[in-house]
Amino acid sequence: MSASPLRLRFAPSPTGYLHVGGARTALFNWLLARKTGGKFLLRIEDTDKARSTDESTRAIFEGLTWLGLDWDEEVVFQGANLDRHRADAERLLATGKAYRCFCTAEELQTRRAAAEAAGGAFVYDRRCDALPKDEIARRVEAGHAFVVRFRVPAGDTSWDDLVHERITFPNKDIDDFVILRSDGTPIYNHAVVSDDIAMGITLVMRGDDHISNTPKQILLYEALGAALPRFGHLPMIHGTDGKKLSKRHGATAVGDYQHLGILPQAMVNFLALLGWSPGGEFEEVMTMERLVAAFSTDGLLRKASVFDPKKLEWMNGQHLARLPIAEVAARVTPLVVAAGYTTEADLEARREWWHTLLELLRVRVRLLDEIVPMAETYFREAVTYDPDAVAKQWKDPAALGPLLAATRETLAALPTWEAAPMEAQLRALAEQKGVGTGKLFQPLRVALTGQATSPGLFDVMLVLGRERSLARVRAAEQVLAGMVAAG
RNA sequence: GGCGGUAUCGUCUAGGGGACUAGGACACGGCCCUCUCAAGGCUGGAACACGGGUUCGAAUCCCGUUACCGCUACCA
């Protein structure tokens, strides 16, 4: 396509956390940069001093890093470019592309209210543009406050959007917008254009809530005599109720999902499929590498999509099941250590055992954190019995006690502690006792784990080890005996 | 209100005039597997917003309507 490498950017304002919508925008820019050998730049739009915080800036860095979206070159802080923004505005003033406006915010507010009351749309009437030169000079001399307004020329402004087709705005519908506040700081559209020009951005890919800003920005590029970049407007991401995603929908920051136990690769995969499709038949579960290879602006969709947490969870389960076990261990180890079950050194010492346990558990969960409670019983000496499991599986303590005793003796008699002979002997025992395997295995599961559900029984006994398994069965026998005695 | 954008199963999407009795995925139901729970396999219900055109033929092209979303600040 284009001969020179693409220069793309993600330009969030640090006024909150990294939102999933922003993350998706960043992802698409990153994907395209990596796919085409272009650059992916990061610019922090911190010109709104009142709302910008360092904490938010950090959250953006952390969020992007967690997702694996690394940026090229130095981070640009918009606030540091104030002098250039001002100089560009001065240049527009000098070339007659912009003019000073002395109307106060209060006056404007009143006129706007009046216009709306009359049922019409408010457009600035250019009264200050009609001021005589000497009057302007007099007011400036007298120190009257003024803003700088861009004089929107007549005509139409249009562009070929990368996602949409051609979009056209009649200039008459565009107000003479302010580019410099009375305190000399730039307004968004002006700062963006000034910075995008300075950064050499060749493709502006952002949310489609910026579509109506685009004609203003194009006009600014032209007035500044700069080459136009291409524009691409991505659809929004909505909540399950079809409304723009917000706090009401629960977790909206990527950090929220990180703490919920979502894997970054799952988040990336899920987000990539919101507003983009490789087209045709395709496997939905993809690695970063595959996404980069498959990504193309041709597959960009125009319709807003709904963020479905259920599908994200499913996606996470898929990635969790495919991840190399060492990576799963790296992520779960801190969690079980934090839960107080064990220490990192202990897990390192019995790495193989730990990995075996994780293999058994990971396929049964969708979120990383869900592994933690499941793993607990394998770290404890004694079993904590789940009341529901006991109520369901230990209904007949008098009959069960002897059966578990027989089970324990059978297991204890095994020359080796291996799954196959274990299973063969226990099945034989069930048959000999005239009970279905379920009638034997289910109560035994409760005896071994305290739970009604668990990985396969023989896997459980292997992980537990011979001594602990036998001890737990014996403990269960005692509990059952107590139940019989208690009536 | 004005301007702009969008419109395929509940959700994510395939589809770019005939291959569509509209395909896949998530979710939901059933069945299989089975010591439980998952995973996996099979399977069921479920959609082209509406109305006009264009065409031999429209989910696909055009127009209108409706709905939804965004913008409409000396916010970003």
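We name chains A, B, ... by the order of the sequence lines, and we start the count at 1 in each one. Keep in mind that what you see is a predicted model, and the values were worked out from it rather than measured.
Only the P atoms considered, B:A39 is 15 Å distant from B:A25, to the nearest whole Å. Across the C1' atoms, B:G57 and B:G53 are found 15 Å apart, a figure rounded to whole Å. To the nearest whole angstrom, the two P atoms, one in B:A58 and one in B:G17, are 14 Å apart. When the P atom is compared between B:C26 and B:C62, the two are found 34 Å apart, to the nearest whole Å. For the C1' atoms, the distance from B:G64 to B:C75 is 37 Å, rounded to whole Å. For the P atoms, the distance from B:G23 to B:G45 is 11 Å, rounded to whole Å. Taking the C1' atom of each, B:A7 and B:C50 are spaced 11 Å apart, rounded to whole Å. Annotation: B:C9 and B:G24 have their C1' atoms spaced 12 Å apart (nearest Å).
Counting to the nearest Å, the C1' atom of B:C71 and the OH atom of A:Y188 are 12 Å from each other. In this structure, A:H144 places its NE2 atom 18 Å from C1' of B:C74, rounding to the nearest Å. Rounded to a whole Å, the CG atom of A:N213 is 11 Å from the C1' atom of B:C75. Spacing between atom CZ of A:R445 and atom C1' of B:C37 amounts to 8 Å, rounded to whole angstrom units. Whole-Å rounding puts the A:D48 CG to B:C74 P distance at 14 Å. Regarding A:L273, its CG atom lies at a distance of 17 Å from the P atom of B:G24, rounded to whole Å. Straight-line distance from the CG atom of A:N171 to the P atom of B:G4: 12 Å, rounded to whole Å. In this structure, CZ of A:F150 is placed 18 Å from C1' of B:A73, rounded to the nearest angstrom.
Counting any heavy atom pair closer than 4.0 Å across all strands shown, A:S13 reaches sugar-phosphate atoms only and no base atom. At a threshold of 4.0 angstrom between heavy atoms, the contacts of A:R51 include nucleobase atoms, whether or not backbone atoms are also involved. Contact annotation for A:H233: no contact, since no heavy-atom pair falls under 4.0 Å across all strands. Using a 4.0 Å heavy-atom distance criterion, A:G456 is classed as a base contact. Using a 4.0 Å heavy-atom cutoff across all strands shown, A:P235 reaches no nucleic acid atom at all. Residue A:L301 is classed as a sugar-phosphate contact, given heavy-atom separations below 4.0 Å to backbone atoms only. Heavy atoms of A:E283 sit nowhere under 4.0 angstrom from any nucleic acid atom. Residue contacts for A:L274: at a heavy-atom cut-off of 4.0 Å it reaches the sugar-phosphate backbone alone, with no base atom in range. Here A:D175 lies out of heavy-atom contact (under 4.0 Å) with every strand. A:F169 comes within contact range of the sugar-phosphate backbone alone, with a heavy-atom separation under 4.0 Å but no base atom that close. At the heavy-atom level, A:F458 lies under 4.0 Å from base atoms of the strands shown. Looking at heavy-atom distances under 4.0 Å, A:V147 makes contact with a base.
B:A25 is paired with B:U11 under the criterion used here, namely a Watson-Crick or G-U wobble arrangement in which both key atom distances are under 3.5 Å. Pairing for B:C75 is absent, judged as Watson-Crick or G-U wobble with the two contacts each under 3.5 Å. Nucleotide B:A47: unpaired (no Watson-Crick or G-U wobble partner with both distances less than 3.5 Å). In this entry B:C3 has B:G70 as its Watson-Crick or G-U wobble partner, both defining distances falling under 3.5 Å. Shown here, B:U60 forms no base pair; nothing in the strands shown gives a Watson-Crick or G-U wobble contact with both key distances under 3.5 Å. Here B:G40 sits opposite B:C32 as a Watson-Crick or G-U wobble pair (both hydrogen-bonding atom distances under 3.5 Å). Nucleotide B:G16 has no partner under the Watson-Crick or G-U criteria, as no pair reaches both atom distances under 3.5 Å.
Between A:H319 and A:F270, the gap from one ring centroid to the other reaches at least 6.0 Å. Here A:F441 and A:F458 bring their ring centres to under 6.0 angstrom of each other. Not less than 6.0 angstrom separates the ring centroid of A:Y378 from the ring centroid of A:W354.
Proximity of A:K303 to the phosphate of B:U8: a side-chain N or O atom is located under 4.0 Å from OP1 or OP2. Between A:R364 and B:G40 there is no side-chain N or O to OP1 or OP2 distance below 4.0 Å. Not one side-chain nitrogen or oxygen of A:R112 sits closer than 4.0 Å to the OP1 or OP2 atom of B:G2. For the pair A:S182 and B:C74, the criterion of a side-chain N or O lying under 4.0 Å from OP1 or OP2 is not met. Between B:G40 and A:Q318, a contact under 4.0 Å exists linking OP1 or OP2 to a side-chain N or O. OP1 or OP2 of B:A76 lies within a sub-4.0 Å distance of a side-chain N or O belonging to A:T47.
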Pair A:E107-A:R127, salt bridge (charged side-chain N to carboxylate O under 4.0 Å, His left out): steps then yes or no: CA-CA 12 Å; A:E107 283 168 18; A:R127 65 177 64 180; 5.6 Å; no
Side chain to side chain contact (heavy atoms under 4.5 Å, CB included) evaluation trace for A:L234 with A:M205: CA-CA 7 Å; A:L234 274 9; A:M205 194 153 57; 3.7 Å; yes
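Ring geometry, A:F28 versus A:F295: the interplanar angle falls from 30° to 60°, so the pair is classed tilted.
Nearest nucleotide to the A:D308 side chain, out of B:U11, B:C74, B:C37: B:U11. Picking from B:C74, B:U13, B:A76 the nucleotide with the shortest atom distance to the side chain of A:H210 gives B:A76. Residue A:E281 has its side chain nearest to B:G23 when only B:U11, B:G23, B:C3 are considered. When distances are taken from the side chain of A:S212 to each of B:G24, B:U13, B:C71, the shortest belongs to B:C71. Distance from the side chain of A:D209 is smallest to B:G70 among B:G70, B:C74, B:A25. Of all nucleotides listed (B:C75, B:G5, B:C26), B:G5 comes nearest to the side chain of A:H164.
With rounding to the nearest 0.5 Å, the separation of CD1 in A:I60 from CD1 in A:I44 is 4.5 Å. To the nearest 0.5 angstrom, A:M374 atom CE is 12.0 Å from A:L358 atom CG.
Nearer the 5' end of RNA chain B, as judged by each residue's closest nucleotide, is the contact made by A:T437, out of A:T437 and A:Q78. Between A:R302 and A:E45, the residue anchored closer to the 5' end of RNA chain B is A:R302, taking for each the nucleotide with the nearest heavy atom.
Counted within 6.0 Å of CG on A:D241, heavy atoms from surrounding residues, nucleotides or ligands total more than 12; the atom is thus considered enclosed.
With hydrogens and angles ignored, no donor-acceptor pair under 3.5 angstrom links the side chain of A:R427 to the base of B:C35. Remark: the A:S454 side chain and the B:C37 base include no donor-acceptor N/O pair separated by less than 3.5 Å.
Side-chain N/O atoms of A:T449 and A:R445 include no donor and acceptor closer than 3.5 Å.
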